[in-house]
There are 2 protein chains.
Amino acid sequence: MSVVDAAASVFCREGYAGANIDLIAAEAGVSRQTVYNHHGDKEKLFVAVVRDLTERCNAGIFATIASFPDQPTDLEADLIAFAVRMNRNCICNRDGRFLRKLIQAEGERYPELFAEWRQQGPSRTWSALAARFARLAFAGHLSIGDPDVAARQFLALVNAELQITFMLGGMPTEEEVLRSATNGVRTFLGAFAGKKSPAGKQAALVHA
Amino acid sequence: MSVVDAAASVFCREGYAGANIDLIAAEAGVSRQTVYNHHGDKEKLFVAVVRDLTERCNAGIFATIASFPDQPTDLEADLIAFAVRMNRNCICNRDGRFLRKLIQAEGERYPELFAEWRQQGPSRTWSALAARFARLAFAGHLSIGDPDVAARQFLALVNAELQITFMLGGMPTEEEVLRSATNGVRTFLGAFAGKKSPAGKQAALVHA
DNA sequence: ACAAATTTAGACAGGCTTGTCCAATTCGTC
DNA sequence: GACGAATTGGACAAGCCTGTCTAAATTTGT
């Protein structure tokens with residue numbers, strides 16, 4: 001395990017103040033001196049950990065959003081599968097859980113570091129997701145007022161049943177993820193199911 | 001400020017390991033020795049803080065649930081007002097934010113302490129809320145499949161727009177709380193709005 | 001006003017952690 | 001095999017924190 005990975009693990013488990021450089025070195029399988037040679041001091045190491053996690057998490061999120069069902073065959077099934085992918089690959093995995101915990105625990109102590117995360121992560125995630133939902137609405141599959149609100153509510157709904165598990169740092173089972181996603185998507189579609197006259201059809205008519 | 005209140009503040013701000021008894025004493029306006037006289041040691045003080053917060057938060061939650069609109073005049077407006085009360089009095093207030101942060105940061109280190117919170121807090125909260133929604137459904141105001149799922153999704157929806165603020169330990173403005181509640185309740189009703197033939201009417205007919 | 005209980009300030013030991021220094025060892029590469 | 005670079009283990013100082021102790025000051029109850 002690399003030094004940064006070991007540090008992520010220890011910072012998450014023990015908190016910044018409680019994290020011990022000796023323990024990080026031991027967990028990484030290197031000597032303490034090597035940690036200092038590579039990363040300078042504890043604070044620089046922490047920053048490196050956060051940047052590393054932010055980068056990997058964002059990459060995973062945007063890779064997953066790229067698999068959004070733009071042309072769904074079975075909208076419910078496709079959205080459920082997308083929500084499960086999102087949870088499995090971005091939110092429940094090691095990086096996601098670690099980053100969330102670090103943000104919650106140390107976010108107030110490093111405002112500039114996490115402001116950067118906030119702008120490059122959630123803001124862009126929501127925009128990208130909102131654009132996909134807007135497209136579904138435009139094609140008549142959904143009836144949405146504000147796509148940004150819909151995107152945030154989609155994420156909130158498909159995670160609704162996992163919040164306690166997340167709070168305690170746990171990892172939900174595959175079955176829990178599927179159930180939460182299924183219930184969430186059904187409610188989402190109950191609220192936003194498409195109307196009979198999609199915008200696409202209307203536009204086609206105007207052009208005809 | 002009491003010792004326990006000051007300790008809650010410092011534990012939240014600095015984490016368990018980073019919390020300094022001298023700082024707690026100073027913030028409480030007493031000497032360090034008094035802290036030790038009253039609470040024994042750091043760990044006992046931490047347990048006292050968590051128990052205190054858990055108790056007060058639960059009391060606030062159940063007091064707020066008691067104000068649930070069982071016989072709504074304007075269902076949307078009544079649910080929005082309820083959601084705002086819930087957020088203001090239980091989730092965004094000092095105790096709620098502190099307890100959440102302590103659970104997230106130290107939950108894994110004190111499993112038995114937070115298992116107790118979990119059983120007396122979220123479990124009972126969801127049951128109580130589910131019962132209220134079931135009653136609304138029975139009276140024909142809502143059309144709900146599983147009341148427990150509906151209760152969790154209701155809370156998830158009305159907080160959907162506040163999650164980032166909560167993550168960073170911030171306090172949303174009154175306007176943000178209202179907007180999130182309004183958007184959440186509208187989506188909730190979009191998915192669960194009552195049917196024309198309420199169970200109550202059917203029951204009345206059976207009895208007639 | 002007086003006596004008991006509590007609180008206070010400060011000193012103090014013990015332990016732990018960070019970050020540095022250094023000599024010895026190992027590793028990568030030619 | 002040889003040479004330079006990186007790694008290692010350990011010692012080390014300095015600082016911080018916990019928890020205890022003590023004697024003085026303050027508050028409380030009567």
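Letters A, B, ... mirror the listed sequences (proteins, then strands); counts begin at 1.
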Side-chain donor-acceptor pairs under 3.5 Å in residues 6-14 of chain A, sequence neighbours left out?
residue, atom, partner, partner atom, Å
S9(A), OG, R13(A), NH1, 3.2
S9(A), OG, E27(A), OE2, 3.2
R13(A), NH1, E27(A), OE2, 3.4
R13(A), NH2, E27(A), OE1, 3.2
E14(A), OE1, R109(B), NH1, 3.3

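- For DNA chain C, the span of nucleotides reached by chain B at under 4.0 Å from its heavy atoms goes, 5' to 3', from dT7(C) to dA11(C).
- Looking at S143(B), its side chain never comes within 3.5 Å of a backbone N or O of A193(B) through a donor-acceptor pair.
- In summary, the side chains of S31(B) and T34(B) do present a donor paired with an acceptor at a separation below 3.5 Å, with no hydrogens or angles considered.
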Under 3.5 Å, which donor-acceptor pairs link side chains of residues 128-136 of chain A to any protein atom two or more places apart or in another chain?
residue, atom, partner, partner atom, Å
R132(A), NH1, D70(A), OD1, 3.3
R132(A), NH1, D70(A), OD2, 2.4

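- Partners of K101(A) according to the salt bridge (Lys or Arg N to Asp or Glu O under 4.0 Å) rule, which considers only residues two or more places apart in sequence or in another chain, are E108(B).
- Remark: side-chain polar atoms of S180(A) are not paired, donor with acceptor, to backbone N or O of E176(A) under 3.5 angstrom.
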Every protein N/O lying under 3.5 Å from an N/O of nucleotides 20-22 of chain D:
residue, atom, partner, partner atom, Å
dC21(D), N4, Q33(B), OE1, 2.3

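- Distance NZ (K42(B)) to C1' (dC17(D)): 8 Å, rounded to an integer number of Å.
- Between the axis at the start and the axis at the end of the helix from dA1(C)-dT30(D) to dC30(C)-dG1(D) there is an angle of 40°, using five pairs per end and rounding to 10 degrees.
- Under the 3.5 Å distance criterion, the side-chain polar atoms of R85(A) are matched with a main-chain donor or acceptor of S67(A).
- Scored by the salt bridge (Lys or Arg N to Asp or Glu O under 4.0 Å) test, D146(A) finds no partners at all (sequence neighbours excluded).
- Counting non-hydrogen atoms under 4.0 angstrom, H38(B) reaches the backbone sugars and phosphates but no base.
- Residues in residues 90-100 of chain A take part in these side-chain hydrogen bond (donor to acceptor under 3.5 Å, both in side chains) pairs, two or more places apart or across chains: R56(A)-D95(A).
- Within the structure, ring pair (Phe, Tyr, Trp, His ring centres under 6.0 Å) contacts touching residues 92-119 of chain B (residues at least two apart or in different chains) are F46(B)-Y110(B).
- The stretch residues 10-25 of chain A has no heavy atom under 4.0 Å from DNA chain D, so no residue of it qualifies as close.
- Qualifying salt bridge (Lys or Arg N to Asp or Glu O under 4.0 Å) partners for E116(B), counting only residues two or more places apart in sequence or in other chains: R51(B).
- Between the side chains of N159(B) and Q163(B), no donor-acceptor pair is found at a separation under 3.5 Å.
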Quick one: side chains of residues 147-155 of chain B, donor-acceptor pairs under 3.5 Å with protein atoms, not counting sequence neighbours, listed by atom name and distance.
residue, atom, partner, partner atom, Å
Q153(B), OE1, T187(A), OG1, 2.5
Q153(B), NE2, N183(A), O, 3.0
Q153(B), NE2, T187(A), OG1, 3.3

